[in-house]
J.: 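Got a structure for you, written out below as C-alpha cells; questions coming shortly.
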Amino acid sequence: MKIYLIAPKNPESFWTFDRVLPSLRKRCVFPNLSLPTVAGLTPAAHEVILCDENVEAVDLDTDADIVGLTGYVVHKRRILELADAFRRRGKLVVAGGPFATLCPEELRGRVDVLFVGEAEYTWPRFLRDREAGHGEAEYRQDDTPSMLDSPPPRFDLLKVDRYRSMTIQFARGCPFNCEFCDIIVMYGRRPRTKSVAQVLAEVEAIHRLGMRNIFVVDDNFIGNKKEAKELLRALSEWQQARGYPIEFMTEMSLNVAQDDELLALMKRAHFTTIFVGIESPRKASLAEANKAQNMREDLVAAVHRIQAAGIEVMAGMIVGFDSDDPSIFEEQFRFIQQARIPISMTGMLNAMPRTPLHARLKTAGRLVAESVGDQFVFTNIIPAGMSRRELYEGYRTLLRRLYGYRNYRRRSMALILNRGGLRGSRRLAGRDDLAVFRRILWTCLLRASPRRAWLTLAMCLETACRRPRALRQALTLALMHKHLYEYVRDTSRRLDVLIRELEESEPAT
Ligand code: B12
Ligand code: SF4
C-alpha cells in the first residue's frame, strides 16, 4: 500500500517564529515527530510519503491508497478541510494525534478510521487488518505502550534542511497531576522511556544528517530521574568524543532545580535550554492547580540556580486561576522580570477536554465553550477572582509589557550576563554562522525600525563588552524578539475585539 501522511499547516502561534524563519532560511522550527514515528512503525513492504504542510504543499492528487492526518486542537479546521478534500477524492482517510485522542467525537464520521491514543501497537494492527481485507473504524490504545517498542523515527523521509531543529523523544508521561494538564490525560502519569541505545542511535542519525540542534519533545524529561541521568551520562560521552556538535533543549518540571547532580549532567551533555511549566508566582494558585512541585522553594531562586548551571529557562505561565485577582498581572510581570526569563509562554487558563479542570468547571457552570487549543487568543473559562473582561484586559496589558522593547531587553541582558558558562558553547564561527549573522543584522538592524535597530545594537554592544562569548545568544534573543513583539501586537488586536464584545454584552449600569 502507498501511505501519504500529512501534518497540517500550523496557524501562527507564539512558538512558530514565522516572522523570523526567513532570516534563518528555514520554513519551520521543528518537525512534528508523530509522522516520522508512524512511518517508522510501517513495515517496509509499504511505501510511505511524509508531507509537512509547514515546509511543502499538500498534494491533493496523490495516488496513495491511504491518507493519514495528525494534528493538535489548533489544527482542527485544517484537519477537517483536508479530510473532506481527500474523502471527496475517494481516499481512505485516517487520523491520529493529540486532537484525535482528546476530541475523538469531533472526528467520528469525518474520517474513515480514527486512532485514539498512541499508535505503536494499533497502527501495525490496522495495516495487517487492511491487508487481510477488513478493518475497524476506530483503533483505541487505552493502556500505554512501552517506549522500547517505539521504532526509530524515519528522519530520512523529512525535508530536514527546511527545519531549524530536529526532534526526538526519550520519555512520555509525567508523574505529577496538575489539574489543567491534558498531557497526563493523553500520555498517562507513569513515565516511560526509550533505552539509552535507542536515543543514541537517533542522535547519531540526526548528527549524520548535519543538524546541530535537537529538541527532546518529552512531556517531562525527568519524570524518571534515574533513567534521565543514565541517558545524560551517555550523551555527555557522545558529545565529548565529537566536540559537542549538538545543542539540546527539552521540557521538564521545576524540581530539576533541587538536584545539583542532574543540573551538572545536563550541562555536560550540552542541554542549553529547558521549557518549564512554572505557571504562577502565587502559592494559592499553584496549590489550587495541584502543582506542589513548584512550591518547594522560592521560585526566583530555583530559576536562577538552573541559569547558573548554564541553562536558559523558558517558562509556561498561566493567569486566570481561581486564586488570581486583578493584582496577579503585576505579580506575574515582576516575577518574570526578576527571574530573567526572556521567553515566557504566558497564557490564559483554558480547560482542555477530559482534564479534571474541565470536569470541575463544567459542573460549576463555568465553561463558556470548548478551548480553541491556543491559550493566547481565547479562554473558555469564567474566572472566579475577576470578570472575563478583567481577565482579558489584564492579560493583554501583561503581554504588551512583557514583550515591550525595554522590558524584554532587560530580561535578556540579565540572563546573558548572569548565566553560567556553557561547556563547548559555539561562538559565531564558520561560514554558516556568519551567513546567518549577516541576515540577522540585515533584518534587525539595517532594515529595522529605529527601536528594533537600537534593541539589537544595545544588546550586541553590551554583550560584546561584558560577555563576548555570549554574542551568539544575544543575537538569537534579539531576532526572537521580532517574532514575539509582532505576534503579541497582533494578538492584542484580537484580544481588543473580544474585549469590545464583552463590553457590548455587559448590561449598562
Ligand atoms: C514539538 C511540539 C510543538 C512544536 C510544533 C512542532 C510541529 N511542527 O508541529 C511547537 C514548539 C512549534 C509547538 C507549538 C504549539 N504547541 Co505544541 N507540542 C509539541 C510537543 C512537545 C511534541 C509533539 C511531538 O512531536 N510529539 C511526539 C509524537 C510522537 O507524539 P504524538 O504526536 O502524540 O504521536 C503519537 C500518537 O498521538 C499517534 N499519532 C500522532 N499522529 C498520528 C497520525 C496518524 C495517522 C496515526 C495513525 C497516529 C498518530 O502516534 C504517535 C506515536 O504513538 C507536544 C507535547 C507532546 N507530548 O506531544 C506539544 C503539544 C502538541 N503542543 C501543544 C500546544 C497547545 C501548542 C501551541 C498551541 C502552544 C502555543 N500556544 O503556542 C502551539 C501551536 C503550534 C501551532 N500553531 O501549530 C499541546 C496540544 C494540546 C492539544 N491537545 O491539542 C501539546 C500536546 C502540549 C500541551 N499539552 O501543552 N508545539
Ligand atoms: S508537570 Fe507539566 S506535564 Fe506534568 S502534570 Fe504538571 S503540567 Fe502536566
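Side chains included, hydrogens not; waters and symmetry mates left out as well; all remaining heavy atoms used. In listed order, ligands and their atoms are each counted from 1.
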J.: Can you classify the ring geometry of His483 versus Tyr487 as parallel (below 30°), tilted (30 to 60°) or perpendicular (above 60°)?
T.: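 The rings of His483 and Tyr487 lie parallel, inter-plane angle below 30°.
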J.: Thr101 near ligand 1, heavy-atom distance under 4.0 Å?
T.: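 Thr101 does not count as a contact of ligand 1 under the 4.0 Å cut-off.
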J.: Report the residue from Trp15, Phe215, Phe14 that forms a ring-ring contact (aromatic ring centres under 6.0 Å, His included) with Phe275.
T.: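 Answer to the ring-ring contact (aromatic ring centres under 6.0 Å, His included) test with Phe275 among Trp15, Phe215, Phe14: Trp15.
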J.: Salt bridge check: are Asp322 and Arg366 linked by an N-O gap of less than 4.0 Å?
T.: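 Yes, charged N to carboxylate O under 4.0 Å.
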J.: Just to confirm my output: which protein heavy-atom neighbour is closest to atom 85 (C) of ligand 1, and how far is it?
T.: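 Of every protein heavy atom, Ile183 CD1, 4.8 Å lies nearest to atom 85 (C) of ligand 1.
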J.: Distance check, rounded to the nearest 0.5 Å: Ser280 atom OG versus Glu331 atom CD?
T.: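 If I round to the nearest 0.5 Å, the distance is 6.5 Å.
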J.: Who gets closest to atom 6 (C) of ligand 1 by heavy atom: Phe30, Trp15, Trp123?
T.: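 Shortest heavy-atom distance from atom 6 (C) of ligand 1: Phe30.
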J.: Taking 2.8 Å as the upper limit, name the protein N, O or S atoms near atom 6 (Fe) of ligand 2.
T.: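 Atoms qualifying: Cys178 SG.
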J.: Got an N/O contact under 3.5 Å between Asn54 and ligand 1?
T.: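 No, no N or O pair falls under 3.5 Å.
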J.: For atom 26 (N) of ligand 1, what's the nearest protein heavy atom and its distance?
T.: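 The closest heavy atom on the protein side is Val217 CG2, 4.1 Å.
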J.: Side chain or backbone of Leu102 under 4.0 Å from ligand 1, or both, or neither, by non-hydrogen atoms?
T.: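 The part of Leu102 near ligand 1 is the side chain, not the backbone.
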J.: Strictly less than 4.0 Å: does any protein heavy-atom distance to atom 45 (C) of ligand 1 fall in that range?
T.: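 Given the 4.0 Å cut-off, atom 45 (C) of ligand 1 counts as touching protein heavy atoms.
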J.: Out of Ser165, Gly117, Cys174, whose heavy atom is nearest to atom 36 (C) of ligand 1?
T.: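 When every heavy atom of Ser165, Gly117, Cys174 is considered, Gly117 comes closest to atom 36 (C) of ligand 1.
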J.: For ligand 1, does Tyr72 get within less than 4.0 Å through its side chain, its backbone, both, or neither, judged by non-hydrogen atoms?
T.: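 Contact part for Tyr72 vs ligand 1: both backbone and side chain.
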J.: Among all protein non-hydrogen atoms, which one is nearest to atom 39 (N) of ligand 1, and what is the separation to 0.1 Å?
T.: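 For atom 39 (N) of ligand 1, the nearest protein heavy atom is Gly97 N, 3.4 Å.
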J.: Where the closest heavy atom to atom 68 (C) of ligand 1 is concerned, which of Gly277, Gly373, Ser150 has it?
T.: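 The residue whose heavy atom sits nearest atom 68 (C) of ligand 1 is Gly373.
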J.: Centre-to-centre under 6.0 Å for Tyr72 and Phe99, is that the case here?
T.: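 No.
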J.: With rounding to the nearest 0.5 angstrom, report the CD to CD1 distance, Gln198 to Ile168.
T.: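 Gln198 atom CD to Ile168 atom CD1 measures 11.0 Å (nearest 0.5 Å).
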J.: For atom 48 (C) of ligand 1, which candidate among Pro31, Gly347, Ala119, Pro151 provides the closest heavy atom?
T.: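 It is Ala119 whose heavy atom sits nearest to atom 48 (C) of ligand 1.
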J.: Tell me, which protein residue and heavy-atom name are nearest atom 75 (C) of ligand 1, and how many Å apart are they?
T.: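 Looking only at protein heavy atoms, the one closest to atom 75 (C) of ligand 1 is Ser13 OG, 3.5 Å.
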J.: Could Asp18 and Lys26 be called an ion pair, given the rule that one side-chain N must be under 4.0 Å from one carboxylate O?
T.: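 No salt bridge links Asp18 with Lys26.
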J.: Is the NZ or CZ atom of Arg411 both under 6.0 Å from the centre of the six-membered ring of Tyr403 and within 45° of that ring's axis?
T.: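 Yes, Arg411 and Tyr403 form such a contact.
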J.: Mind running salt bridge (Lys or Arg N to Asp or Glu O under 4.0 Å) on Arg192 and Glu118 for me, showing each step along the way?
T.: CA-CA 13 Å; Arg192 296 159 284 136; Glu118 297 165 47; 2.8 Å; yes
J.: What is the nearest protein non-hydrogen atom to atom 53 (O) of ligand 1, stated with its residue, atom name and distance?
T.: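 Residue, atom and distance for the closest contact: Glu120 OE1, 2.7 Å.
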J.: Side chain, backbone, both or neither: which part of Asn10 has a heavy atom under 4.0 Å from ligand 1?
T.: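 For Asn10, the contact with ligand 1 is made by both the backbone and the side chain.
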J.: Indicate yes or no: does an N/O atom of Gln375 lie under 3.5 Å from an N/O atom of ligand 1?
T.: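 Between Gln375 and ligand 1 (N or O atoms, distance only) the closest approach is under 3.5 Å.
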J.: With a heavy-atom distance limit of 4.0 Å, tell me whether Asn32 approaches ligand 1 through its side chain, its backbone, both, or neither.
T.: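 Both backbone and side chain.
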J.: Should the proximity of Phe99 to ligand 1, defined as any heavy atom under 4.0 Å, be assigned to the side chain, the backbone, both, or neither?
T.: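 It is neither part, as no heavy atom is under 4.0 Å.
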J.: At a non-hydrogen distance cut-off of under 4.0 Å, which region of Phe126 contacts ligand 1 (side chain, backbone, both, or neither)?
T.: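 No part of Phe126 comes within reach of ligand 1.
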J.: Looking at ligand 1, is there an atom of it that comes within less than 4.0 Å of some heavy atom belonging to Leu69?
T.: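 Contact present.
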J.: Is it true that the NZ or CZ of Arg172 lies under 6.0 Å from the centre of Tyr187's six-membered ring and within 45 degrees of the ring axis?
T.: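 No, a cation-pi geometry is absent between Arg172 and Tyr187.
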J.: Checking Gln332 side chain against Glu279 main chain: does a donor-acceptor pair fall under 3.5 Å?
T.: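 A pair under 3.5 Å: yes.
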J.: Checking Phe30 against Tyr163 for the ring-ring contact (aromatic ring centres under 6.0 Å, His included) test, could you report, in this order, the C-alpha distance in whole Å, the side-chain angles of both residues, the deciding distance, and whether it holds?
T.: CA-CA 6 Å; Phe30 319 102; Tyr163 298 94; 9.0 Å; no
J.: Using the side chain to side chain contact (heavy atoms under 4.5 Å, CB included) rule, pick out the option among Val111, Val73, Leu107 that qualifies with Ile79.
T.: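 Of the listed residues Val111, Val73, Leu107, the side chain to side chain contact (heavy atoms under 4.5 Å, CB included) partner of Ile79 is Leu107.
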J.: So, is Val73 polar-close to ligand 1, with some N/O to N/O distance under 3.5 Å?
T.: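 Such a contact does occur with ligand 1.
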J.: Could you tell me whether Asp182 and ligand 1 have an N or O pair separated by under 3.5 Å?
T.: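 Looking only at distances, the answer is yes, because the N/O contact criterion of under 3.5 Å is met.
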J.: Which residue and non-hydrogen atom of the protein lie closest to atom 25 (O) of ligand 1, and at what distance in Å?
T.: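 Looking at atom 25 (O) of ligand 1, the protein heavy atom closest to it is Leu33 N, 2.9 Å.
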J.: Checking contacts here: is it the side chain or the backbone of Val38 that comes within 4.0 Å of ligand 1, counting heavy atoms only? Could be both or neither.
T.: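 The side chain, only.
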J.: Do the charged groups of Lys91 and Asp59 touch, with an N to O distance under 4.0 Å?
T.: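 No, Lys91 and Asp59 are not salt-bridged.
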J.: Using atom types as modelled, flag every donor-acceptor pair under 3.5 Å from a side chain in residues 35-44 to any protein atom, sequence neighbours excluded.
T.:
{"residue": "Thr37", "atom": "OG1", "partner": "Leu33", "partner atom": "O", "Å": "2.7"}
{"residue": "Thr42", "atom": "OG1", "partner": "Val38", "partner atom": "O", "Å": "2.8"}
{"residue": "Thr42", "atom": "OG1", "partner": "Ala39", "partner atom": "O", "Å": "3.4"}
{"residue": "Thr42", "atom": "OG1", "partner": "Trp123", "partner atom": "NE1", "Å": "2.9"}

J.: Does the N or O separation between Phe376 and ligand 1 drop below 3.5 Å for any pair?
T.: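 N/O-N/O distance under 3.5 Å: no.
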J.: Under a heavy-atom criterion of less than 4.0 Å, does Gln141 contact ligand 1?
T.: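 Checking ligand 1 against Gln141, which is what was asked, there is no heavy-atom contact under 4.0 Å.
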J.: Return yes when at least one protein heavy atom is under 4.0 Å from atom 79 (C) of ligand 1, and no when none is.
T.: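 Under 4.0 Å from atom 79 (C) of ligand 1, zero protein heavy atoms found.
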J.: Of all the heavy atoms in Asp219, does at least one lie under 4.0 Å from an atom in ligand 1?
T.: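 In this structure, Asp219 qualifies as a contact of ligand 1 - some heavy atom is under 4.0 Å.
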J.: Hey, is Asp84 close enough to Arg87 for a salt bridge, meaning N to O under 4.0 Å?
T.: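 Result for this pair is no, no salt bridge flagged.
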J.: Side chains of Ser253 and Asn220: do they bring a donor and an acceptor to under 3.5 Å?
T.: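 Judged by distance alone, the side chains do pair up.
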J.: Is there a side-chain contact between Phe376 and Ser13, using heavy atoms and a 4.5 Å cut-off?
T.: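 No, every pair of side-chain atoms sits at 4.5 Å or beyond.
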J.: Do any nitrogen or oxygen atoms of His75 come within less than 3.5 Å of a nitrogen or oxygen of ligand 1?
T.: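 Min N/O separation from ligand 1 is below 3.5 Å for His75.
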J.: Between Glu56 and Arg27, is there a salt bridge with N-O shorter than 4.0 Å?
T.: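 No, Arg27 and Glu56 are not salt-bridged.
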J.: To the nearest 0.1 Å, how far is atom 58 (O) of ligand 1 from its closest protein heavy atom, and which atom is that?
T.: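 Nearest neighbour among protein heavy atoms for atom 58 (O) of ligand 1, to 0.1 Å: Tyr187 OH, 3.4 Å.
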J.: Please report whether the ring centroid of Phe115 lies less than 6.0 Å from that of Phe126.
T.: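 Yes, ring centres under 6.0 Å apart.
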J.: Backbone N or O of Ser323 within a donor-acceptor pair of the Glu288 side chain at under 3.5 Å?
T.: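 Checked: pair present.
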